[in-house]
Novice: 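Got a structure for you, questions after.
Note on naming: letters A, B, ... go to the chains in the order of the sequence lines (proteins, then strands), and numbering restarts at 1 for each one.
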Amino acid sequence: MEAMRAPSGTHDVLWPDSRRWEHVLARFSAAARIAGFGLAITPLIEDVRLFQRGIGQFSDVVSKEMYELTDRGGRRLALRPEGTAPVVRAFVQHRPALPWKAWYATPAFRYERPQAGRYRQHHQVGVEALGTPDPDLDVEVIALASGFYGELGLHEVELICNSMGCATCRPAYVEALRSYLASRADTLCPEHTTSFQASPLRVLDCKTEACRMATDAAPRLIDHLCQDCSAHFERVCSGLDEQGIAHRIEPRLVRGFDYYTRTTFEFVGLALDSAQNAVGGGGRYDGLVEALGGPPTPGIGFGIGIERLLLACDAEGCFQQDATQADVFVVDLVGGHAARSLVGELRAAGVPTARAYDQRSMKAQLKAADRSGAAIALIVGPQEEAAGAVAIRNLRSPRGSGEQDRVARENVLPAILEMAGTAGIVGLWGTAGVESVGGLDGEGVP
RNA sequence: GUGGCCGUAGCUCAGAUGGUUAGAGCGCCAGGUUGUGGCCCUGGAGGUCGGGGGUUCAAGUCCCCUCGGUCACCCCA
């Protein structure tokens with residue numbers, strides 16, 4: 001029988017790797033809440049038209065990368081390829097009071113050829129803020145992402161931004177660019193010599209030497225912005241300066257979704273070797289709500305790819321791998337009833353506690369205790385049981401020293417707390433909740 | 001969707017030009033120490049050599065197909 005495996009381009013995230021995910025998720029949710037964003041959970045499946053109308057019928061993501069399905073009722077559905085459209089759809093459907101700020105964490109599905117940093121199912125955390133064109137909001141949203149990277153200890157990240165203009169100024173610019181490209185069509189790369197007609201903006205983003213040179217002198221969008229867009233972009237940039245957020249204006253930055261207007265930005269992981277080095281990106285989408293059937297409402301948001309974020313964190317060595325499954329390990333040589341009662345008692349008191357099963361030998365149980373990373377072993381054999389006591393052993397004491405005491409059964413908890421001090425595990429528990437998950441507290445944050 | 005590289009134990013990998021029962025390190029299990037983890041020693045379990053077909057007296061090794069992984073293009077997080 002062939003062993004089952006996860007579909008191509010999808011991955012399992014298991015302990016201890018998953019610790020980093022818990023950490024990232026906990027940090028992001030905290031940062032988002034502090035910034036006034038509330039969690040939004042929306043369905044993984046949506047009407048395909050949501051993405052066709054939102055992202056754009058002819059975008060690559062919609063035209064050739066969507067996971068589409070027909071349900072038993074004949075509805076055409078799609079697995080979300082990105083996070084913004086569903087949240088904006090929820091806004092249109094429920095019309096919460098403005099401004100509305102939501103954060104999310106979600107898988108996203110795109111049928112692409114997998115490679116480093118690119119998967120068919122990947123995961124994003126992100127935010128959407130709807131209801132005002134105020135550039136202060138742009139700054140705030142960008143600052144949230146930027147601060148989040150910093151909190152994780154990720155520093156080799158470059159912020160690049162651009163403005164895509166609006167319905168007033170962009171069409172004229174696109175026309176200008178198209179005719180410029182037409183004049184140099186023969187110097188473009190093979191792929192763009194004809195396709196520039198349909199999507200001239202894409203050529204700006206082309207990495208080939210030919211297109212680079214050809215577009216060096218091309219008209220730049222930021223020079224063709226209308227007065228409003230220009231003023232808006234200036235205020236975003238000065239706002240970022242004011243906050244001390246380094247950024248580079250990149251007139252070539254073109255993002256793949258049709259809904260973007262005005263501010264667009266991307267965070268590039270400089271420590272990443274892979275060609276997939278965008279660790280986050282987003283922008284304003286002042287026409288999206290309307291396109292989805294809601295009232296004219298401006299909005300802005302970003303998404304951060306967790307897999308790429310983690311790749312970047314690895315490249316910078318943000319996390320120390322130091323997994324512990326428990327702080328206390330119970331070794332039972334009396335048939336299991338001591339383990340049952342001690343484990344129950346300690347866990348109820350909030351102490352991460354593990355034990356062995358199957359009545360294995362003492363050596364095997366202590367070995368398991370060692371591997372679990374526990375700092376303390378509680379040992380109950382016939383002698384202890386007869387004396388109504390528990391042996392408490394410091395698993396972190398120097399090799400051979402075998403530091404071990406015997407305490408009365410009822411004094412186990414205080415004895416653990418006392419030894420915890422010398423074993424150097426204070427604080428591993430007691431700060432219950434996501435922040436202490438996996439003992440990652442403080443790691444990676446200078 | 002296009003192209004390059006790679007699939008041998010749970011993991012990392014050896015296995016010249018085809019030739020006996022396919023190996024190592026790590027990990028796992030047990031014993032050495034009948035009540036004490038880490039270091040050490042001994043032993044053990046674990047493989048349809050990704051799958052299918054072909055060439056051959058003989059295929060992990062050569063050929064074809066296929067699946068999977070990986071990298072790049074494309075696109076994006």
Side-chain angles (χ1 to χ4, degrees), chain A residues 1-11 14 55 59-66 80-84 105-126 145 189-192 195 199 202 205-208 253-257 266-269 272-282 301-312 329 331-334 356 358 360-385 391-404 406:
Chain A
M1 183 66 88
E2 189 192 344
M4 300 293 296
R5 47 176 305 134
S8 178
T10 70
H11 296 276
L14 307 178
I55 301 171
S59 65
D60 283 21
V61 166
V62 169
S63 63
K64 50 190 196 201
E65 296 175 2
M66 267 209 300
R80 60 169 57 166
E82 56 102 44
T84 298
T106 180
F109 304 86
R110 290 177 206 165
Y111 192 87
E112 303 177 272
R113 192 77 172 262
Q115 67 176 267
R118 197 178 69 182
Y119 312 101
R120 288 186 177 166
Q121 176 178 342
H122 77 280
H123 300 78
Q124 294 187 21
V125 291
C189 78
E191 171 159 1
H192 286 116
S195 74
S199 44
R202 284 257 74 95
D205 202 33
C206 184
K207 295 172 196 95
T208 62
L253 176 63
V254 172
R255 297 183 50 80
F257 301 155
E266 208 166 276
F267 292 94
V268 179
L272 253 23
D273 292 330
S274 158
Q276 263 59 46
N277 61 0
V279 294
F302 67 74
I304 293 175
I306 298 180
E307 287 85 352
R308 285 187 194 173
L309 177 69
L310 258 16
L311 247 25
F329 195 100
V331 173
D332 178 303
L333 303 170
V334 291
D358 303 316
R360 302 220 281 151
S361 70
M362 186 182 203
K363 177 173 177 166
Q365 291 193 49
L366 273 166
K367 201 169 182 181
D370 191 44
R371 275 201 313 268
S372 77
I376 293 172
L378 296 179
I379 304 168
V380 180
Q383 291 168 26
E384 286 78 12
E385 188 178 45
I392 177 167
R393 182 177 181 82
N394 185 349
L395 295 175
R396 306 238 172 116
S397 57
R399 258 195 84 210
S401 75
E403 184 193 325
Q404 183 170 321
R406 181 184 277 202

Novice: Can you check whether any acceptor in the base of B/G35 is under 3.5 Å from a donor in the side chain of A/E384, or vice versa?
Specialist: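 When only heavy-atom distances are counted, A/E384 does reach the base of B/G35 through a donor-acceptor pair under 3.5 Å.
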Novice: Using the P atom as the reference point in each nucleotide, state the distance between B/C5 and B/G43 in Å, no decimals.
Specialist: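 Taking atom P in both B/C5 and B/G43, they lie 43 Å apart.
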Novice: On a whole-Å scale, what distance lies between the C1' atoms belonging to B/G7 and B/G50?
Specialist: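 These two C1' atoms come out 6 Å apart once rounded.
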Novice: Ignoring hydrogens and angles, are the base of B/G38 and the side chain of A/K363 linked by a donor-acceptor pair under 3.5 Å?
Specialist: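 Per atom types, no contact qualifies.
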Novice: Taking only the C1' atom of each, what is the distance from B/C29 to B/C73 in whole angstrom?
Specialist: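 48 Å, rounded to whole Å.
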Novice: Starting at CD of A/Q276, measure out to NE2 of A/H122 and round the result to the nearest 0.5 Å.
Specialist: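 Answer for the CD-NE2 pair, A/Q276 versus A/H122, is 11.0 Å.
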Novice: When the distance from CZ of A/R406 to P of B/G35 is rounded to whole Å, what number comes out?
Specialist: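 Answer to the nearest Å: 14 Å.
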Novice: Between B/U34 and A/S361, is there an OP1 or OP2 to side-chain N/O distance shorter than 4.0 Å?
Specialist: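 No, outside the criterion.
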Novice: Who does B/G47 pair with, Watson-Crick or G-U, both distances under 3.5 Å?
Specialist: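 Its partner is none (no Watson-Crick or G-U wobble pair with both distances under 3.5 Å).
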Novice: Expressed as a whole number of Å, how far does the C1' atom of B/U61 sit from that of B/U17?
Specialist: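 Those two atoms are separated by 11 Å.
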Novice: When every nucleotide of nucleotides 71-77 of chain B is labelled 5' to 3' by its protein contacts under 4.0 Å (heavy atoms), B for base, S for sugar-phosphate only, - for none, what sequence of letters results?
Specialist: SBBBBBB
Novice: Could you tell me how far B/G52 sits from B/C57 if I compare only their C1' atoms? Round to whole Å.
Specialist: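 Each nucleotide's C1' atom is 23 Å from the other's.
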Novice: How many angstroms lie between OG in A/S59 and NZ in A/K64, if you round to the nearest 0.5 Å?
Specialist: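 Between A/S59 OG and A/K64 NZ, I get 10.0 Å after rounding to 0.5 Å.
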Novice: Checking base pairs now: Watson-Crick or wobble, both atom distances under 3.5 Å. What partners B/G19?
Specialist: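 For B/G19, the partner nucleotide comes out as B/C57, under the 3.5 Å rule.
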Novice: With rounding to whole Å, what would you report as the distance between B/G10 and B/U20 at their P atoms?
Specialist: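 Comparing P positions in B/G10 and B/U20 gives a spacing of 24 Å.
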Novice: Can you tell me the distance, in whole Å, between the CD atom of A/E403 and the P atom of B/G37?
Specialist: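 Computing the A/E403:CD to B/G37:P distance gives 16 Å.
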Novice: Can you find a side chain N or O atom of A/R371 that sits less than 4.0 Å from OP1 or OP2 on B/G27?
Specialist: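 No, no such contact exists.
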Novice: To the nearest 0.5 angstrom, please state how far the NE2 atom of A/H123 sits from the OG1 atom of A/T106.
Specialist: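 Here the interatomic distance stands at 7.5 Å.
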Novice: Does the structure show a Watson-Crick or G-U wobble partner for B/A24, both distances under 3.5 Å? Name it, or say none.
Specialist: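 Across all strands, the one nucleotide that pairs with B/A24 is B/U12.
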Novice: Can you give me every donor-acceptor pair (side chain of residues 364-380 of chain A, partner residue at least two apart or in another chain, under 3.5 Å) with its distance?
Specialist:
from: A/Q365; atom 1: OE1; to: A/D332; atom 2: N; distance (Å): 2.9
from: A/Q365; atom 1: NE2; to: A/D332; atom 2: O; distance (Å): 2.8
from: A/Q365; atom 1: NE2; to: A/R360; atom 2: O; distance (Å): 2.9
from: A/S372; atom 1: OG; to: A/A369; atom 2: O; distance (Å): 2.7
from: A/S372; atom 1: OG; to: A/A374; atom 2: N; distance (Å): 3.1

Novice: To the nearest 0.5 angstrom, please state how far the CZ atom of A/R110 sits from the CZ atom of A/R118.
Specialist: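 Reported value, rounded in 0.5 Å steps: 10.0 Å.
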Novice: Could you identify the nucleotide paired to B/C75, looking across every strand shown and requiring Watson-Crick or G-U wobble geometry with both distances under 3.5 Å?
Specialist: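 Paired with B/C75, as far as the under-3.5 Å criterion goes, is no nucleotide at all.
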Novice: Write down the distance separating the C1' atoms in B/A77 and B/U2, rounded off to the nearest Å.
Specialist: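 It comes out at 23 Å once rounded to the nearest Å.
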Novice: Among all residues two or more places apart in sequence or in another chain, which pass the side chain to side chain donor-acceptor pair (under 3.5 Å) test with A/S397?
Specialist: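 In terms of side chain to side chain donor-acceptor pair (under 3.5 Å), with neighbours along the sequence ignored, A/S397 is linked to A/S401.
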Novice: Base, sugar-phosphate, or nothing: which does A/G9 touch, judged by heavy atoms less than 4.0 Å apart?
Specialist: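 Here A/G9 touches the backbone only, sparing every base.
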Novice: Side-chain contact test, heavy atoms from C-beta onward, threshold under 4.5 Å: evaluate it for A/V279 versus A/L272 and give yes or no.
Specialist: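 A/V279 reaches A/L272 side chain to side chain.
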Novice: Rounded to the nearest angstrom, tell me the gap between atom CZ in A/R360 and atom C1' in B/G31.
Specialist: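 Result: 14 Å.
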Novice: I need the NZ-P distance between A/K367 and B/G37, as an integer number of Å.
Specialist: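 After rounding, the reported distance stands at 10 Å.
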Novice: Can you measure A/M362 atom CE to B/G31 atom C1' for me and round it to whole angstrom units?
Specialist: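 Answer to the nearest Å: 17 Å.
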Novice: Tell me: CD1 of A/I379 to P of B/G37, nearest whole Å?
Specialist: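 It is 10 Å, rounded to the nearest whole Å.
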Novice: Answer with base, sugar-phosphate or nothing: what part of the nucleic acid does A/S397 contact at a heavy-atom distance below 4.0 Å?
Specialist: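 Base contact - A/S397 has a heavy atom under 4.0 Å of at least one base atom.
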Novice: Classify the side chain of A/Q365 and the base of B/U36 as holding, or not holding, a donor-acceptor pair under 3.5 Å.
Specialist: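 Answer is no: no donor-acceptor pair is held.
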Novice: Take atom P in B/C65 and the same atom in B/A58, then report the distance between them in whole Å.
Specialist: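 It works out to 23 Å between them.
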Novice: For B/A16, does the O4'-C1'-N9-C4 (purine) or O4'-C1'-N1-C2 (pyrimidine) torsion place it in syn, i.e. within 90° of 0, or in anti?
Specialist: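 Syn, which is what one calls it when the glycosidic angle falls within 90° of 0.
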Novice: Please give, in whole Å, the distance from B/U34 P to A/L366 CG?
Specialist: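 Taking CG of A/L366 and P of B/U34, I get 14 Å after rounding.
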Novice: State, with a plain yes or no, whether a side-chain heavy atom of A/Y111 is found less than 4.5 Å away from one of A/R120.
Specialist: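 Of all side-chain heavy-atom pairs linking A/R120 with A/Y111, at least one is under 4.5 Å.
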Novice: Is there a donor and acceptor pair closer than 3.5 Å between the side chain of A/R393 and the base of B/G37?
Specialist: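 Such a pair exists between side chain and base.
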Novice: Which whole-number value in Å describes the distance from A/R5 CZ to B/C67 P?
Specialist: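 So the two atoms are 14 Å apart, to the nearest Å.
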